[in-house]
Amino acid sequence: LSIPYFFAIHNGAIIVEMPSRKILAKKYLHPGIFQKLDDICKDEPSDYAVYGGYEFDDVCYYRPERYSPETLSYLERRVSGFREKWVEVKSYEELPISNFPSIKCFGKKESAERMAEKISSELQLHAPVIRDPFDDNYYVVQGTHSKVDKGEALLTLKSLISGCDFTIAGGDDLNDVPMLEKANIAIGMQTAPQQVLSIADIIAPPASDLGIIEGLQQALEKTLKKEVS
């Protein structure tokens, strides 16, 4: 897009001003967490992938031999479908980066929830579990800095934008909850988990039906009514 806008990546681990590509804020992770992550994933049919971040062309590093054949097949289809850039490595000691915005684990629901609980409790990372939009038989755990979530990203943006006192946010999964809680008007998609729907001011049709457009229209109508009253 040629118009000015802001781009928060990896649940807000990095915030970029566009189209200038200027980095406004970021909170990254350090390789010191790898040993604990190895222990967390060793008994699961999944490993953790390391996302290199915006400055490194969003390359994702992974160790394919640590995934079960079923999980690896799913991941290969996912990478191809989303056209992501994944680079195979034998060891994370050979990574060409010294810090990174996030890690991700992929798996069936019970496995993903086990990994998320341990990542949160043992590493104190923000690690929500979300259903994979590519394949709803799988779930994604995205681990980021403890001070990183979409709600914090929204507050950071509000502090950077002069006169930004009123915000509308829309979401459809658990990683959107912190943002929806901090917005003035929260839009939840019909397909979202109950935790999202319970805090939504507006429940919009599914994203597959372009429901966010209807949700935004309702939000704007609410805003105009408040201004008139």
Side-chain angles (χ1 to χ4, degrees), residues 1-27 51 54 82 101-102 104 109 112-113 116 120 125-134 136 139-229:
L1 299 176
S2 58
I3 61 172
Y5 65 99
F6 297 94
F7 191 28
I9 312 164
H10 295 288
N11 285 338
I14 181 168
I15 300 175
V16 182
E17 182 182 64
M18 299 293 281
S20 68
R21 299 178 178 266
K22 178 182 178 182
I23 295 174
L24 301 179
K26 71 176 186 177
K27 291 185 177 73
Y51 282 73
Y54 181 74
F82 284 153
S102 74
K104 282 185 182 180
K109 186 176 183 181
E113 289 177 342
S120 298
L125 301 187
H126 178 61
V129 178
I130 63 172
R131 189 184 292 273
D132 191 346
F134 178 76
D136 60 13
Y139 288 75
V140 181
V141 181
Q142 182 164 24
T144 56
H145 189 284
S146 61
K147 300 296 184 183
V148 167
D149 61 45
K150 290 187 178 184
E152 290 300 317
L154 180 61
L155 293 180
T156 298
L157 279 171
K158 288 180 72 171
S159 71
L160 293 170
I161 303 171
S162 176
C164 180
D165 299 320
F166 192 90
T167 54
I168 299 169
D172 64 357
D173 218 320
L174 297 180
N175 61 327
D176 297 312
V177 168
M179 175 179 63
L180 297 175
E181 290 177 333
K182 291 178 171 62
N184 296 97
I185 296 181
I187 304 170
M189 315 309 290
Q190 280 180 359
T191 51
Q194 185 56 42
Q195 189 176 342
V196 172
L197 298 179
S198 65
I199 60 174
D201 301 300
I202 296 168
I203 297 178
S208 57
D209 296 332
L210 302 181
I212 189 61
I213 296 175
E214 181 176 325
L216 288 171
Q217 288 172 336
Q218 292 184 42
L220 290 172
E221 289 172 3
K222 278 179 173 283
T223 305
L224 290 172
K225 287 180 181 178
K226 286 183 180 180
E227 290 179 351
V228 171
S229 61

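Taking every heavy atom of both residues into account, Val141 and Ala127 meet most closely at CG1-CB, 4.0 Å. Summarising the geometry of Asp201 relative to Lys222, their closest heavy-atom pair is O-CE, 4.2 Å, with the distance given to 0.1 Å. Here the closest non-hydrogen pair linking Leu197 and Met189 is CD2-O, 3.3 Å. Residues Lys182 and Thr167 approach most closely at O-OG1, 4.1 Å, considering heavy atoms. Closest approach of Ala200 to Ile203, counting heavy atoms only: CB-CG1, 4.3 Å. Pairing each heavy atom of Pro101 with each of Tyr51, the nearest pair is CD-O, 3.0 Å.
Scanning for ring pair (Phe, Tyr, Trp, His ring centres under 6.0 Å) contacts around Phe134 gives Phe82, with sequence neighbours left out. Listed by chain and residue number, nothing satisfies the side chain to side chain donor-acceptor pair (under 3.5 Å) test with Gln195 (two or more places apart in sequence, or in another chain). Residues satisfying the side-chain contact (heavy atoms from CB on, under 4.5 Å) test with Asp209, not counting sequence neighbours, are Pro206. In this structure, the side-chain contact (heavy atoms from CB on, under 4.5 Å) partners of Ala169, at least two apart in sequence or on a different chain, are Met179, Leu180, Ala183. Judged as a side-chain contact (heavy atoms from CB on, under 4.5 Å), and not counting sequence neighbours, Pro19 has no contacts. Under the side-chain contact (heavy atoms from CB on, under 4.5 Å) criterion, Gln142 pairs with His10, Asn11, Ser102, Lys104, Thr144, not counting sequence neighbours.
Counting only heavy atoms from C-beta outward, the side chains of Thr223 and Ile168 approach each other to under 4.5 Å. You'll find the side chain of Leu1 stays beyond 4.5 Å of the side chain of Met18, heavy atoms only. Looking only at side-chain heavy atoms (C-beta outward), Ile161 and Phe6 come within less than 4.5 Å of each other. With contacts defined as side-chain heavy-atom distances shorter than 4.5 Å, the pair Leu160/Glu17 does not qualify. Within the 4.5 Å cutoff, no side-chain heavy atoms of Val196 are placed close to those of Asp173. Pro193 is listed as a side-chain neighbour of Leu174, based on a closest heavy-atom distance under 4.5 Å.
Residue Thr191 holds its OG1 atom at 9.5 Å from CZ of Arg131, rounded to the nearest 0.5 Å. Considering NE2 of His145 and CD1 of Ile14, their distance stands at 14.0 Å, rounded to 0.5 Å. For the atom pair OH of Tyr139 and CD of Glu113, the computed distance is 7.5 Å after rounding to the nearest 0.5 Å. Between the CG atom in Leu216 and the CD1 atom in Ile212 there is a gap of 4.5 Å [rounded to 0.5 Å].
No more than 12 heavy atoms of other residues, nucleotides or ligands sit less than 6.0 Å from atom NZ of Lys109.
A salt bridge links Asp176 and Lys150; the closest N-O separation between the charged side-chain nitrogens and carboxylate oxygens is under 4.0 Å.
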